[in-house]
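In what follows, chains are A, B, ... by sequence order, proteins preceding strands, each numbered from 1.
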Protein chains: 2
Amino acid sequence: MNAPISSPVSSPALTKNQNLVFDVLTRAEAPMSAYTILDKLRDHGFRAPLQVYRALDKLTEFGMVHRLESLNAFVACAHRESECCGAGHGHGTVAFAICESCGHVSEFHDHQVDHRLSDWAKSKGFKPAKTTIEIRGLCEACAA
Amino acid sequence: MNAPISSPVSSPALTKNQNLVFDVLTRAEAPMSAYTILDKLRDHGFRAPLQVYRALDKLTEFGMVHRLESLNAFVACAHRESECCGAGHGHGTVAFAICESCGHVSEFHDHQVDHRLSDWAKSKGFKPAKTTIEIRGLCEACAA
DNA sequence: ATGGCACACGTTATAGCATAACGCAATTGA
DNA sequence: TCAATTGCGTTATGCTATAACGTGTGCCAT
Ligand SMILES: [Zn+2]
Ligand SMILES: [Zn+2]
Ligand SMILES: [Zn+2]
Ligand SMILES: [Zn+2]
């Protein structure tokens with residue numbers, strides 16, 4: 001009993017560890033580092049960072065979790081279904097606004113930014129694989 | 001004899017350590033991690049990471065060096081003088097295209113992307129402090 | 001001048017993030 | 001049945017970054 005298991009919420013069926021990690025991230029109000037996730041899951045049998053990183057790798061691959069490069073941390077995807085382009089998951093480039101005071105993260109997508117960047121790439125013969133856009137600052141509530 | 005020293009190339013006068021770190025980065029053809037820089041400077045008396053990080057902090061503050069968040073590495077600023085907005089240094093948001101094969105980095109600026117992102121921020125009441133834009137992929141030469 | 005301040009520097013220790021390398025177990029599909 | 005694939009668990013290690021301490025120097029107001 002090791003392979004994927006029925007999943008209540010995801011596109012591909014998730015394994016037990018993947019579900020646990022995803023649940024923790026989904027409940028979180030701010031990005032979490034892999035080690036913070038590990039601590040949250042010690043009661044569920046997690047003992048080593050690799051258990052977390054392996055789950056995160058898969059979840060990221062599925063598009064259900066995003067890594068915030070400027071924070072070395074992870075968030076559950078906050079895309080609304082019925083987003084403009086390509087419904088469901090498998091979305092393209094996305095941007096994050098990260099509040100440095102309360103930790104809240106807003107995930108959004110902007111076509112024009114996307115196009116502008118890929119136009120630049122095309123004009124330079126650059127083949128993009130993954131694009132990171134992260135705005136650090138203060139959210140409305142914290143900027144008061 | 002500890003304070004800033006005449007500098008051949010910079011806006012603010014750099015200290016000895018800052019000059020050494022900046023020179024290493026300027027000669028490099030790819031981003032360097034702090035520890036790689038440290039190794040390059042052992043012959044010049046560097047013994048500890050902090051010596052590098054402190055210099056990098058200042059150089060970044062001066063706008064002479066950029067940190068690549070998705071790489072945990074640093075590059076010398078490649079802005080042409082006579083760039084569109086705000087001549088000299090002290091530039092605004094900048095984007096990077098990073099080749100995952102050869103390590104080459106292109107630094108560029110796009111007004112429309114900038115405006116688009118700050119419009120989003122304004123509409124949400126978000127106060128941006130620092131924006132990161134990094135495109136990972138293959139440069140023209142490596143995409144062949 | 002002299003005391004206080006700001007700042008760069010050097011060192012040691014520690015914290016935080018991520019992966020290598022091993023072996024085992026279960027699933028899948030030739 | 002047998003190989004290939006994938007997930008899992010463990011131990012060890014490596015890489016990235018900062019805390020905390022003390023030193024020396026230039027500067028400036030007193
Ligand atoms: Zn998403
Ligand atoms: Zn906030
Ligand atoms: Zn620059
Ligand atoms: Zn290349």
Side-chain angles (χ1 to χ4, degrees), chain A residues 1-7 10 12-22 24-25 30-62 64-75 100 103 132 134 136, chain B residues 1-7 10 12-22 24-25 30-62 64-75 103 132 136:
Chain A
M1 194 269 281
N2 218 346
I5 274 183
S6 79
S7 146
S10 54
L14 298 183
T15 66
K16 177 161 168 279
N17 285 3
Q18 288 160 15
N19 257 313
L20 288 167
V21 169
F22 186 64
V24 166
L25 277 178
M32 297 183 76
S33 77
Y35 280 74
T36 306
I37 296 170
L38 174 57
D39 287 339
K40 289 274 182 198
L41 289 177
R42 293 214 187 261
D43 293 345
H44 293 267
F46 275 52
R47 326 280 341 259
L50 231 63
Q51 298 175 272
V52 179
Y53 281 109
R54 290 203 269 232
L56 287 171
D57 281 350
K58 283 299 179 185
L59 292 168
T60 301
E61 178 186 326
F62 299 155
M64 300 171 63
V65 161
H66 299 293
R67 174 185 170 83
L68 299 178
E69 301 288 353
S70 69
L71 248 42
N72 293 333
F74 302 83
V75 287
E100 295 185 311
T132 298
E134 297 176 14
R136 310 265 306 251
Chain B
M1 193 268 279
N2 217 348
I5 273 183
S6 78
S7 146
S10 54
L14 298 184
T15 67
K16 179 161 166 281
N17 285 2
Q18 287 160 14
N19 257 313
L20 287 167
V21 169
F22 186 63
V24 166
L25 277 179
M32 296 183 77
S33 78
Y35 280 74
T36 306
I37 295 170
L38 174 58
D39 286 339
K40 288 275 182 199
L41 289 176
R42 295 217 185 258
D43 293 345
H44 293 267
F46 276 52
R47 327 279 340 261
L50 229 62
Q51 297 175 273
V52 178
Y53 281 108
R54 288 203 271 233
L56 287 172
D57 281 351
K58 284 299 180 186
L59 292 168
T60 300
E61 179 185 327
F62 299 155
M64 300 171 63
V65 161
H66 299 291
R67 174 185 170 81
L68 299 178
E69 301 288 354
S70 68
L71 250 40
N72 293 332
F74 303 83
V75 286
T132 298
R136 309 266 305 253

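One can place CZ of B:F46 at 11 Å from C1' of C:dG10, the figure rounded to the nearest angstrom. Atom CG of A:L38 is separated from atom P of D:dC8 by 15 Å (rounded to the nearest Å). Rounded to an integer number of Å, the gap from A:L56 CG to C:dC17 P is 12 Å. Between A:Q18 atom CD and D:dT6 atom C1' there is a gap of 10 Å when expressed in whole angstrom units. B:N19 has its CG atom 15 Å from the C1' atom of C:dC9, to the nearest Å. In this structure, B:R54 atom CZ and D:dG22 atom P are separated by 15 Å, rounded to whole Å. Between the P atom of D:dC8 and the CG atom of A:L14 lies a distance of 10 Å, rounded to the nearest Å.
For B:K16, no side-chain nitrogen or oxygen approaches OP1 or OP2 of C:dA8 to under 4.0 Å. An OP1 or OP2 oxygen of C:dC7 is reached within less than 4.0 angstrom by no side-chain nitrogen or oxygen of B:T15.
Side-chain atoms of B:R54 do not come within 3.5 Å of backbone N or O of B:N17 as any donor-acceptor pair.
For B:Q51, the side-chain atoms get nearest to C:dT11 when compared with the rest of C:dA8, C:dT11, D:dC8.
The salt bridge (charged side-chain N to carboxylate O under 4.0 Å, His left out) check on B:K58 picks up B:E61, with sequence neighbours excluded.
If you take CZ on B:R67 and OG1 on B:T60, they are separated by 8.5 Å, rounding to the nearest 0.5 Å. Interatomic distance, A:S70 OG to B:N72 CG, rounded to the nearest 0.5 Å: 10.5 Å. Between B:F62 atom CZ and B:L14 atom CG the span is 6.5 Å, to the nearest 0.5 Å.
Using a 3.5 Å distance cut-off with no hydrogens or angles, the side chains of A:T132 and A:E69 do not pair a donor with an acceptor.
When heavy atoms are screened at a 4.0 angstrom cut-off, A:R47 is found touching the sugar-phosphate backbone but no base atom.
Taking each heavy atom of A:M32 and A:I37 in turn, the nearest pair found is CB-CG1, 3.8 Å.
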Taking only nitrogen or oxygen atoms into account, show me every contact under 3.5 Å that the protein makes with nucleotides 14-18 of chain D, one pair per line with its distance.
| unit_1 | atom_1 | unit_2 | atom_2 | d |
| --- | --- | --- | --- | --- |
| D:dT16 | OP2 | B:S33 | OG | 3.4 |
| D:dA17 | OP1 | B:R67 | NH1 | 2.8 |
| D:dA17 | OP1 | B:R67 | NH2 | 2.4 |
| D:dA17 | OP2 | B:Y53 | OH | 2.9 |
| D:dA17 | O5' | B:Y53 | OH | 3.3 |
| D:dA17 | N7 | B:Y35 | OH | 2.7 |
| D:dA17 | N6 | B:Y35 | OH | 3.4 |

